Protein chains: 2
Amino acid sequence: MPAKRNTNASSKGSTSKRDRILDVAEKLFAEHGYDGVTLRQIASGAKVDVALASYHFGKKLDLFNAVFERRSAYLNEARHEALRRVQEEAGTAGPTVEQIIEAFLRPLELAQETGDDGWRHYLALVAYINNSPYWGRRMMSKMFDSLVNEFIDALRQALPGASDTDLYWCYHNMSGALTLTLADTGRIDALSGGLCSSSDFEAAYDHMIPFMAAGFRKICGS
Amino acid sequence: MPAKRNTNASSKGSTSKRDRILDVAEKLFAEHGYDGVTLRQIASGAKVDVALASYHFGKKLDLFNAVFERRSAYLNEARHEALRRVQEEAGTAGPTVEQIIEAFLRPLELAQETGDDGWRHYLALVAYINNSPYWGRRMMSKMFDSLVNEFIDALRQALPGASDTDLYWCYHNMSGALTLTLADTGRIDALSGGLCSSSDFEAAYDHMIPFMAAGFRKICGS
DNA sequence: CAACAATTTCAACAACTGTTGAAATGCTGC
DNA sequence: GCAGCATTTCAACAGTTGTTGAAATTGTTG
């Protein structure tokens with residue numbers, strides 16, 4: 001019953017039913033949360049029988065985890081690589097705060113780069129999880145702590161003399177702003193009367209990078 | 001059936017069952033979201049029959065709204081009053097960016113001031129709603145837009161020459177950091193190894209106020 | 001006390017939930 | 001063709017959901 005893991009071999013023109021389930025689940029989980037979505041809604045959206053989700057993924061929670069993990073490795077690698085690159089270019093002096101934050105954020109633009117709505121939904125799901133008292137601790141830590149600590153280490157080096165307490169609070173501020181951006185609630189659109197678009201990640205990061213860098217510098221000296 | 005609105009007259013020592021329902025619903029909705037909580041869980045937590053929630057509030061969604069609205073007027077008034085006060089003290093020159101942000105955030109400390117867990121749960125619920133694509137637009141706007149616009153107006157005055165686009169993006173950053181703080185996920189606790197506590201709003205705002213002020217100044221000139 | 005209304009419980013409803021075993025279909029190599 | 005496997009559907013299950021009408025209780029007012 002547990003279904004042998006599909007090796008994703010045949011990437012034919014029409015996406016497989018298994019992938020359609022993941023796509024629809026990704027979108028619905030991001031919008032309504034884990035409990036706000038039923039397997040029947042997912043199956044219906046994917047034009048598939050209800051039992052198929054259980055066949056491929058097992059329990060509902062397993063499907064949720066599968067959705068979360070599908071893109072996490074790629075995303076982690078892209079961000080890790082972006083940090084590695086600016087560190088290499090900067091040499092012994094090390095990258096600036098702006099460069100580190102840029103490496104932390106820019107890879108997340110792949111959503112609109114590829115024009116793939118899946119990435120946008122996935123990042124909204126990450127925001128949902130990160131902001132949730134219930135899911136936040138148990139899912140985000142395993143998946144992203146290693147990467148986050150790399151960035152905090154880089155920031156510690158770029159801001160000599162900063163206390164760890166200050167560094168973590170500053171990271172917390174940046175993480176919150178990022179989370180709300182990824183959540184893609186459309187609230188900034190309404191509030192600004194259309195001046196800002198919550199799905200325009202590029203504009204968001206254009207403002208966020210210098211904003212956060214100034215905040216880090218203010219709190220963490222230098 | 002719709003239940004005549006209790007005028008909240010008798011604030012006896014033991015809280016009424018109606019209030020207990022609101023308290024438990026507040027806590028559970030904040031933790032698990034609207035769909036993650038059943039009326040039976042709420043009734044059980046409040047040591048009350050299931051039907052009582054329907055009697056007092058009607059549908060489940062009406063209870064959700066009642067929880068959200070119970071404290072919103074008081075909270076709005078406290079923040080509005082805090083802004084009015086710094087504006088009065090500052091005179092014609094107008095308050096500084098720090099003072100405005102302080103007025104925006106400090107009233108939210110009433111959670112730990114009063115030692116009342118209810119406020120902490122309520123603010124976590126606001127965070128849940130604000131970060132949700134589904135609830136964010138339809139619930140936050142009605143309730144908080146008026147207040148938010150007051151603060152943005154004040155910031156526009158404190159930052160002459162700033163474009164509205166920049167102002168809204170900066171507010172978006174601050175709102176995100178605040179939302180993650182209110183969500184109280186405990187993630188910063190784990191990440192910092194105990195150096196930072198996500199339920200210590202005072203420490204959070206001590207760092208957030210100068211951090212955000214520096215960001216606003218960086219993006220919005222002056 | 002009685003009369004009345006507000007509150008609370010009880011019991012039950014139809015609808016929906018996740019899950020599963022068995023049957024049906026499709027695909028690949030002989 | 002046919003055997004063997006993975007995939008997909010069908011049908012049904014036991015449990016839970018929000019909701020409601022009627023009964024029971026409590027509180028108030030005369």
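Please read these numbers as outputs of a predicted model, since none were measured by experiment. Chain naming here is simple, since letters A, B, ... match the order of the sequence lines and numbering starts at 1 in each.
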*Could you tell me whether the phosphate oxygens of D:dT7, OP1 or OP2, come under 4.0 Å of any side-chain nitrogen or oxygen in A:Tyr55?*
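So the side-chain polar atoms of A:Tyr55 do come within 4.0 Å of the phosphate oxygens OP1 or OP2 of D:dT7, strictly under.
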*asked:* If I take atom OG from residue B:Ser198 and atom CD1 from residue B:Ile188, how far apart are they, to the nearest 0.5 angstrom?
replied: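 Spacing of OG (B:Ser198) from CD1 (B:Ile188) equals 8.5 Å.
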Side-chain atoms of residues 145-155 of chain A: list all donor-acceptor pairs with protein atoms under 3.5 Å, sequence neighbours left out, distances to 0.1 Å.
{"unit_1": "A:Asp145", "atom_1": "OD1", "unit_2": "B:Arg187", "atom_2": "NH1", "d": "3.0"}
{"unit_1": "A:Asp145", "atom_1": "OD1", "unit_2": "B:Arg187", "atom_2": "NH2", "d": "3.4"}
{"unit_1": "A:Asn149", "atom_1": "ND2", "unit_2": "A:Asp145", "atom_2": "O", "d": "3.2"}
{"unit_1": "A:Glu150", "atom_1": "OE1", "unit_2": "A:His80", "atom_2": "ND1", "d": "2.6"}
{"unit_1": "A:Glu150", "atom_1": "OE2", "unit_2": "A:His80", "atom_2": "ND1", "d": "3.1"}
{"unit_1": "A:Asp153", "atom_1": "OD1", "unit_2": "A:Arg156", "atom_2": "NH2", "d": "2.7"}

Between atom [atom1] in [X] and atom [atom2] in [N], what is the gap in whole Å?
X       : N      : atom1 : atom2 : value
A:Leu52 : D:dA6  : CG    : C1'   : 11 Å
A:Asp62 : C:dT19 : CG    : C1'   : 12 Å
B:Phe57 : C:dT7  : CZ    : P     : 11 Å
B:Ile21 : D:dT19 : CD1   : C1'   : 15 Å
A:Asp19 : D:dT7  : CG    : P     : 12 Å

Candidates [options] - which lies nearest the side chain of [X]:
X       : options               : result
B:Lys60 : C:dT8, D:dT19, D:dT8  : D:dT19
A:Lys59 : D:dT8, D:dT20, C:dT20 : C:dT20
B:Ala51 : D:dT8, D:dT19, D:dG21 : D:dG21
A:His56 : C:dT19, D:dT8, C:dT7  : D:dT8

*asked:* Quick check with a 6.0 Å cut-off and a 45 degree axis cone: is A:Arg120 positioned over the face of A:Tyr122's six-membered ring?
replied: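 Geometry flag: not set, cation outside 6.0 Å or 45°.
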*Looking at DNA chain D, which of residues 34-49 of chain B put a heavy atom within less than 4.0 Å of it?*
B:Val37, B:Thr38, B:Leu39, B:Arg40
*With sequence neighbours left out, which residue pairs that include part of residues 26-36 of chain B fulfil the side-chain hydrogen bond (donor to acceptor under 3.5 Å, both in side chains) condition?*
B:Glu26-B:Arg70, B:Glu26-B:Arg71
*I would like to know whether B:Trp135 and B:Phe68 meet ring-ring contact (aromatic ring centres under 6.0 Å, His included); could you show each step before the answer?*
CA-CA 12 Å; B:Trp135 299 105; B:Phe68 183 59; 9.7 Å; no
*Under 6.0 Å between the ring centres of A:Phe64 and A:Phe29?*
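Yes.
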